[in-house]
Amino acid sequence: MARLWGQVALITGAGRGIGRAIAERDALEGATVVAVDIDESAVEQVVADIRANGGEAHGRIADLGAVETLAPLIHDLAERLGTLDILVNNAAVTRAIDFFAVRPEDWDQIHRVNARGLFFCMQAAAELMRERGGGHIVNIASIAGKGFPGTSNIAYAGSKGAVIAMTRIAAHVLGRHNINVNAICPGVTRTDLYYQVVRERAEATGRLEAEVMEAFDANIPVRRSNEPDDIAALAVFLGSDESRNVTGQSWNVDGGLIWD
Ligand SMILES: NC(=O)c1ccc[n+]([C@@H]2O[C@H](COP(=O)([O-])OP(=O)(O)OC[C@H]3O[C@@H](n4cnc5c(N)ncnc54)[C@H](O)[C@@H]3O)[C@@H](O)[C@H]2O)c1
């Protein structure tokens, strides 16, 4: 039996990378997927691909940083689809920035989506889940949020630390409403974001992109960076009732890079 049969799952940043892999996995496990992304053509593509594989999917274009639009969007979707069982807060932005080069506007741009947008999405979804008796929230953080020094920049690491802290607070507050809240902390994961950071690192250090990628993998105990599907596998478990007594945790998927 599919593990998410009959569930409605909203995934932010579902147009590409990890979000897309989670949307596809959730659909394979029987969920009706709502793919939300700022990139219209990416949303259309993921929805079309899920439907072509026999799954059920709907798309919505939204900027997760425009927080005033999130509650109306989530309420409208729940009205149309009858419920919202799973929220995967995945959308985020970053780029490689040296410690001394981080400007206030970089900080604001990163935190606007990664921390502020994530919280207000979680708040709107939790309100609905509380009304209907429960749900699952999965926040995609990062091992950068636990201080992994290979982060793209310090402002990003701070935004992901905020996600881990908010996951614990939300789990505490929402537990009595039968809503569990967990974070996944990916390590190095081969997505567009990863290839962008590889390009920026290569430019900044004068190394070849292949050398930067080798250096990433050489530091990983299993000598293998993640595929997006490695994250999706855990997201399915945390979005399912199998995880009902697991809450407030932040789970590393990183090939053993850090132990925290
Ligand atoms: N790739 C990695 O190595 C890695 C490592 C640790 C954590 N993560 C985290 O995993 C998550 C997914 O990362 P990814 O590598 O798949 O990224 P990605 O850049 O490949 O995809 C991110 C998606 O989010 C969308 N998005 C960006 N800003 C948005 C906004 N304001 N509103 C709506 N959608 C928006 C993009 O259009 C894109 O489709 C992020 O939270 C990221 O911080 C990634």
Side-chain angles (χ1 to χ4, degrees), residues 11-13 16-22 25 88-99 101-102 106 110-111 113-115 118 137-168 171 181-239 243 246-260:
I11 297 121
T12 71
R16 276 198 299 273
I18 292 170
R20 185 188 164 107
I22 295 172
R25 268 265 191 155
V88 182
N89 250 322
N90 163 79
V93 292
T94 193
R95 63 193 174 83
I97 318 176
D98 177 73
F99 178 94
V102 174
D106 298 318
I110 288 166
H111 282 250
V113 178
N114 300 13
L118 177 138
I137 297 177
V138 182
N139 294 323
I140 306 300
S142 169
I143 57 171
K146 296 178 173 179
F148 175 62
T151 183
S152 47
N153 69 72
I154 194 166
Y156 172 77
S159 75
K160 294 301 187 173
V163 173
I164 292 167
M166 288 191 285
T167 296
R168 291 177 182 162
V181 188
N182 287 282
I184 300 178
C185 297
V188 182
T189 309
R190 293 185 178 237
T191 65
D192 289 355
L193 194 64
Y194 161 85
Y195 290 111
Q196 173 204 315
V197 170
V198 165
R199 272 194 305 278
E200 289 164 348
R201 282 264 161 84
E203 269 170 34
T205 59
R207 285 182 295 169
L208 295 173
E209 288 176 21
E211 289 173 334
V212 175
M213 290 193 280
E214 271 170 32
F216 275 137
D217 280 5
N219 282 331
I220 302 171
V222 301
R223 298 287 189 276
R224 186 176 56 237
S225 37
N226 298 318
E227 292 301 331
D229 212 39
D230 293 313
I231 317 302
L234 181 55
V236 167
F237 168 71
L238 294 174
S243 70
V246 178
T247 196
Q249 309 300 316
S250 46
W251 303 96
N252 300 352
V253 180
D254 67 351
L257 262 175
I258 66 170
W259 304 119
D260 181 11

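Computed from a prediction, not measured in an experiment: that's the story for all the values here. The first residue in the sequence is number 1, and the count goes up from there.
When all heavy atoms are compared, the tightest approach of Val113 to Ala91 is CG1-O, 4.0 Å. In this structure, Val138 and Gly239 approach most closely via the heavy-atom pair CG2-N, 4.1 Å. Annotation for Tyr156 and Ile110: closest pair CA-CG2, 3.8 Å, computed over non-hydrogen atoms. Of all heavy-atom pairs spanning Thr94 and Ser152, the tightest one is OG1-OG, 2.7 Å. Of all heavy-atom pairs spanning Tyr194 and Thr189, the tightest one is CB-O, 2.8 Å. Here the shortest heavy-atom pairing between Ile231 and Pro186 reads CD1-CB, 3.7 Å.
With Ile184 as the partner, the side-chain contact (heavy atoms from CB on, under 4.5 Å) test is satisfied by one option alone out of Val88, Ile140, Asn139, Thr167: Ile140. Between Asp217 and the options Arg224, Arg223, Arg190, a salt bridge (Lys or Arg N to Asp or Glu O under 4.0 Å) holds for only Arg190.
At least one side-chain heavy atom of Ile164 sits under 4.5 Å from a side-chain heavy atom of Cys185. In this structure the side chain of Arg199 reaches within 4.5 angstrom of the side chain of Gln196, judged on heavy atoms. Looking at heavy atoms from C-beta onward, Tyr195 lies in side-chain contact with Met213 at the 4.5 angstrom threshold. Using a 4.5 Å heavy-atom threshold, the side chains of Val188 and Leu257 count as touching.
With hydrogens and angles disregarded, no donor-acceptor distance shorter than 3.5 Å links the side chain of Thr12 to the backbone of Asn89. When atom types are taken as modelled, the side chain of Lys146 and the backbone of Ser250 share a donor-acceptor pair closer than 3.5 angstrom. Looking only at distances, no side-chain donor or acceptor of Lys160 sits under 3.5 Å from a matching main-chain atom of Ser142. Using modelled atom types, one side-chain atom of Gln249 and one backbone atom of Thr247 make a donor-acceptor pair closer than 3.5 Å. In this structure a side-chain-to-backbone donor-acceptor pair under 3.5 Å is present from Asn153 to Arg95.
Partners of Asp230 under the side-chain contact (heavy atoms from CB on, under 4.5 Å) rule, at least two apart in sequence or in another chain, are Asn226, Glu227, Val253. Take Arg207 and apply the salt bridge (charged side-chain N to carboxylate O under 4.0 Å, His left out) test, not counting sequence neighbours, and it matches no residue. Residues satisfying the ring-ring contact (aromatic ring centres under 6.0 Å, His included) criterion with Phe148, sequence neighbours excluded, are absent altogether.
With rounding to the nearest 0.5 Å, the separation of CG in Asp106 from CD1 in Ile154 is 12.5 Å. Interatomic distance, CD1 of Ile22 versus CD1 of Ile11, reported as 7.0 Å (0.5 Å rounding). Taken to the nearest 0.5 Å, the CD atom of Glu209 stands 10.5 Å off from the CD atom of Glu200. One distance of note links CG of Leu208 with CD of Glu214; it measures 9.0 Å at 0.5 Å rounding. The CG atom of Asn90 sits 9.5 Å away from the CG atom of Leu118 when rounded to the nearest 0.5 Å.
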